[in-house]
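Every heavy atom of this structure was used, including side-chain atoms; hydrogens, water molecules and symmetry mates were not. Below, read A as the first sequence line, B as the second, and so on, with proteins coming before strands; counting in each chain starts at 1.
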Amino acid sequence: MAIDCIPQALKLRRDRRWWRATVDDGLWQETAAGLAAGRWTLISLWGEAEGVRMALADEAYGEIGVVSLPCPERRFPSVGRQHPPALRLERAARDLFGLEADGAPDHRPWLDHGRWGVRYPLGLAKPDSAATPYEFLPVQGEGVHQIPVGPIHAGIIEPGHFRFSVNGETVVRLEQRLGYVHKGIEGLMAGTDPVSAVRLAGRASGDSTVAFALAFCQAGEAAMGIDVPRRAVWLRALMAELERLANHFGDIGAICNDAAFAILQARFALLREEVLRAAADCFGHRLMMDRILPGGTAVDLPADGPRRLARLVEMVRRQLPRLVELYENTASLKGRTVGTGLLSPELARRFGAGGYIGRASGRQIDARLHPGYPPYDQLTFEVPVLNSGDVNARVWVRISEVEQSLGLVEQILGALPDGPTRGEAAAGQGEQAAEGGALVEGFRGDIFVWLRLGGDGRVERCHLRDPSWFQWPLLEAAIEGNIVADFPLCNKSFNCSYSGQDG
Amino acid sequence: MRKLLFEGLFQSPLTEPPPAAEAVAAFDLAGRLDRAARRRLGRSLAIRHVDVGSCNGCELELHALGNAFYDLERFGLRFVASPRHADVLMVTGPMCKNMGEALERTWRATPDPKWVIAVGDCAVDGGVFAGGYACHGGIAALVPVDLQLRGCPPQPLDLLAGLLNLIEENAR
């Protein structure tokens with residue numbers, strides 16, 4: 001289904017199921033109303049030099065469109081006013097580009113903490129910005145007190161601030177303040193060549209380095225019309241599935257640990273380590289950073305790689321069932337995870353939650369299938385979906401995804417095509433500026449990248465949207481009514497990326 | 001669970017031998033450690049990790065130090081929750097300006113004698129993030145650095161070797 005409020009004539013260019021349109025204020029607001037009515041899902045909203053853009057998907061994620069609104073006055077009608085998932089993205093667009101969202105209910109800065117010495121660094125940069133105190137939302141009521149946590153947390157965790165308003169033991173409201181690890185990645189990418197830019201993209205969120213590099217490369221290849229050698233396409237998927245396995249193992253163990261069940265944490269940490277070691281043996285880097293390059297991959301699988309990975313899969317298949325059985329049969333553990341941190345399917349849908357968070361709350365989406373990219377069209381796998389939306393469901397979606405990924409690794413190894421791993425035209429020289437987008441399924445959910453390359457082949461603008469942008473706000477909702485002591489458990493079951501959202 | 005525990009009793013341990021201290025280049029630490037500090041700390045170090053902008057890759061490898069293969073705690077090294085309990089700050093990330101105050105406060109809250117380790121290329125000199133408006137490009141801009149552990153991210157064995165070096169120097 002096409003985005004119906006936009007006349008066909010405005011859909012300037014259509015390629016690979018992606019369409020684009022430039023709209024005026026009226027159509028922009030109609031689009032926002034369509035998002036609010038649930039006809040489409042917001043994929044992202046971001047600033048550009050000349051205006052603001054948003055990407056949206058239809059219900060089945062079959063078609064993705066990018067809507068541009070030129071903003072000569074540096075203002076645009078707020079989407080967040082009608083559709084709250086856009087709020088933080090609008091605040092970020094204002095902080096980075098100085099694009100003001102008219103009518104937005106929240107005008108507080110988001111990424112800009114007043115420490116950069118510059119305002120609107122990617123727009124009409126102005127020197128200086130004095131740090132002003134951040135106003136948290138007011139809370140009222142008898143007996144309500146506040147617990148401020150962060151930005152530095154107790155453990156090996158990324159920084160962010162959580163403001164809990166608590167009545168007795170029950171969380172009445174959680175308000176997040178993020179942006180502490182804003183590195184200015186999108187600014188650093190501008191003007192670099194794609195090979196340097198992909199190094200930055202692969203460090204937007206280190207745990208998803210493969211998925212981010214893949215999304216960046218797919219966007220660039222779509223823009224330039226480059227075909228990637230078949231072997232490289234399959235190797236990329238192999239790395240992506242190994243990354244998914246490693247992260248899911250780490251997460252499942254860590255969730256159990258936050259429910260004080262250390263033996264599963266220890267066991268799953270070993271499985272994670274085994275995956276990382278196999279990745280290092282096969283691709284030369286434990287996290288597989290910088291292994292995917294525009295036009296292909298940086299490395300090929302060594303001759304004994306398939307055997308090495310087959311051994312890994314066999315070992316995991318042997319160990320996993322007993323660990324899962326232990327999880328399932330330990331009443332004290334299940335007592336913590338079942339019914340904790342509920343996320344309603346309605347809220348998950350409205351925020352377009354991806355990954356295990358969305359799929360544990362009834363969302364049947366997976367970017368590998370919809371809009372889909374090769375080689376997954378030639379592979380068989382299921383997308384596990386549960387409806388209970390609690391910590392237990394998020395654990396179980398991960399367990400099921402591990403099983404699917406093991407099958408995918410085997411299928412890929414069995415059908416890995418021969419040939420080169422990087423195309424000759426990899427450094428592709430275009431005559432004119434070209435744009436492209438990609439939606440790639442990382443372990444955490446769908447990663448969106450929009451890229452514009454200049455005529456000289458350099459990056460003019462790149463926007464990276466981590467799935468956490470839409471998952472962090474849902475954590476605020478899921479923790480409500482839970483006890484403070486269950487926050488680590490809920491938080492770990494979401495495992496949102498601080499770095500990915502801060503950028 | 002009984003089966004798993006039982007198996008654990010009879011399986012040979014997974015933990016690997018420690019890396020040789022000379023696996024890592026010698027660091028100029030001796031000068032910073034006075035005798036009193038050595039006496040007070042013995043061979044044990046309490047580590048507080050601070051992320052000042054990491055992509056979270058370094059965190060994944062710091063986490064890995066705790067798994068049975070590397071088993072950090074066998075060396076008397078452990079991560080603590082508060083800087084007030086820490087001897088060592090392991091700092092990751094390119095020193096985001098938004099984390100400046102937090103790191104300075106953490107450093108001040110850590111009692112003397114204390115050491116700061118810049119973990120990963122970003123913490124050493126900003127890595128790929130150097131030069132932007134949002135980062136200082138390395139933690140040395142805000143706190144004195146005693147030890148640099150390069151890598152993107154540094155592998156667990158490198159981290160372990162660096163830490164062992166620190167306690168060896170410390171005990172000498």
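With a threshold of 4.5 angstrom between heavy atoms, A:L111 approaches chain B through N, CA, C or O but not through any side-chain atom. B:L14 touches chain A through its side chain: at least one heavy atom from C-beta onward sits under 4.5 Å away, while N, CA, C and O do not. A:F212 does not touch chain B: none of its heavy atoms, backbone or side chain, sits under 4.5 Å away. In this structure, the portion of A:L276 lying under 4.5 Å from any heavy atom of chain B is its side chain and not its backbone. For B:F79, the part lying near chain A is the side chain, with the backbone staying farther off; criterion is any non-hydrogen pair under 4.5 Å.
Below 4.5 Å, heavy atoms of chain B meet heavy atoms from A:G184, A:I185, A:L188, all part of residues 184-192 of chain A. At a heavy-atom separation below 4.5 angstrom, chain A is approached by B:V50, B:D51, B:V52, B:G53, B:S54, B:C55, B:N56, B:G57, B:E59 within residues 50-59 of chain B.
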Next item on the list: Kindly indicate, with the supporting measurements, whether the criterion salt bridge (charged side-chain N to carboxylate O under 4.0 Å, His left out) is fulfilled by A:E325 and B:K3.
Entry: CA-CA 12 Å; A:E325 192 191 324; B:K3 240 196 287 175; 5.9 Å; no
Next item on the list: Carefully, step by step, assess A:I157 and B:H49 under the rule side-chain contact (heavy atoms from CB on, under 4.5 Å).
Entry: CA-CA 8 Å; A:I157 319 174; B:H49 159 249; over 6 Å; no
Next item on the list: Check the pair B:R48, A:I152 against side-chain contact (heavy atoms from CB on, under 4.5 Å), reporting the backbone distance first and the verdict last.
Entry: CA-CA 10 Å; B:R48 171 65 241 202; A:I152 299 178; 3.3 Å; yes
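The candidate from A:L287, A:D207, A:L326, A:L323 with the greatest count of non-hydrogen atom pairs under 4.5 Å with chain B is A:D207. Of the listed residues (A:L270, A:N247, A:I263), the one with the most heavy-atom contacts under 4.5 Å to chain B is A:L270. Among A:G202, A:A246, A:S497, A:P121, the residue with the largest count of heavy-atom pairs under 4.5 Å with chain B is A:P121. Top candidate by heavy-atom pairs under 4.5 Å with chain B, chosen from A:P159, A:A269, A:A154, is A:P159. Of the residues considered (B:N98, B:T106, B:L4, B:V80), B:N98 shows the highest number of contacts with chain A, using heavy-atom pairs under 4.5 Å. Most heavy-atom pairs under 4.5 Å with chain B: of the set A:P151, A:S196, A:G155, this distinction falls to A:G155. Counting heavy-atom pairs closer than 4.5 Å to chain A, the top residue among B:C122, B:A81, B:G66, B:S82 is B:A81.
Atom CH2 of B:W107 has 12 or fewer neighbouring heavy atoms from other residues, nucleotides or ligands inside a 6.0 Å radius. Around the CZ atom of B:R84, the shell of radius 6.0 Å holds no more than 12 heavy atoms that belong to other residues, nucleotides or ligands.
The side-chain heavy atoms of A:H182 and B:C96, taken from C-beta on, include no pair separated by under 4.5 Å. Contact annotation: the side chain of A:R286 never approaches that of B:P153 to less than 4.5 Å [non-hydrogen atoms, C-beta and beyond]. At a threshold of 4.5 Å between non-hydrogen side-chain atoms, the residues B:M95 and A:K183 do not count as touching. Residues A:Y180 and B:K97 fail the side-chain proximity criterion, which asks for heavy atoms closer than 4.5 Å. Using a 4.5 Å cut-off on side-chain heavy atoms (C-beta onward), A:R115 and B:E101 make contact.
Here B:F69 contributes atom CZ and A:E274 contributes atom CD; the two are 4.0 Å apart, rounded to the nearest 0.5 Å.
By the 30° and 60° cut-offs, the orientation of the rings of B:Y133 relative to A:W116 is perpendicular.
Using a cut-off of 4.0 Å between Lys/Arg side-chain N and Asp/Glu carboxylate O, A:R277 and B:E16 are scored as salt-bridged.
Each of B:L65, B:T92, B:L62 was scored for a side chain to side chain contact (heavy atoms under 4.5 Å, CB included) with A:I156, with one residue passing: B:L62.
Using a distance-only test at 3.5 Å, with no hydrogens or angles considered, a donor-acceptor pair links the side chain of A:H285 to the main chain of B:C152.
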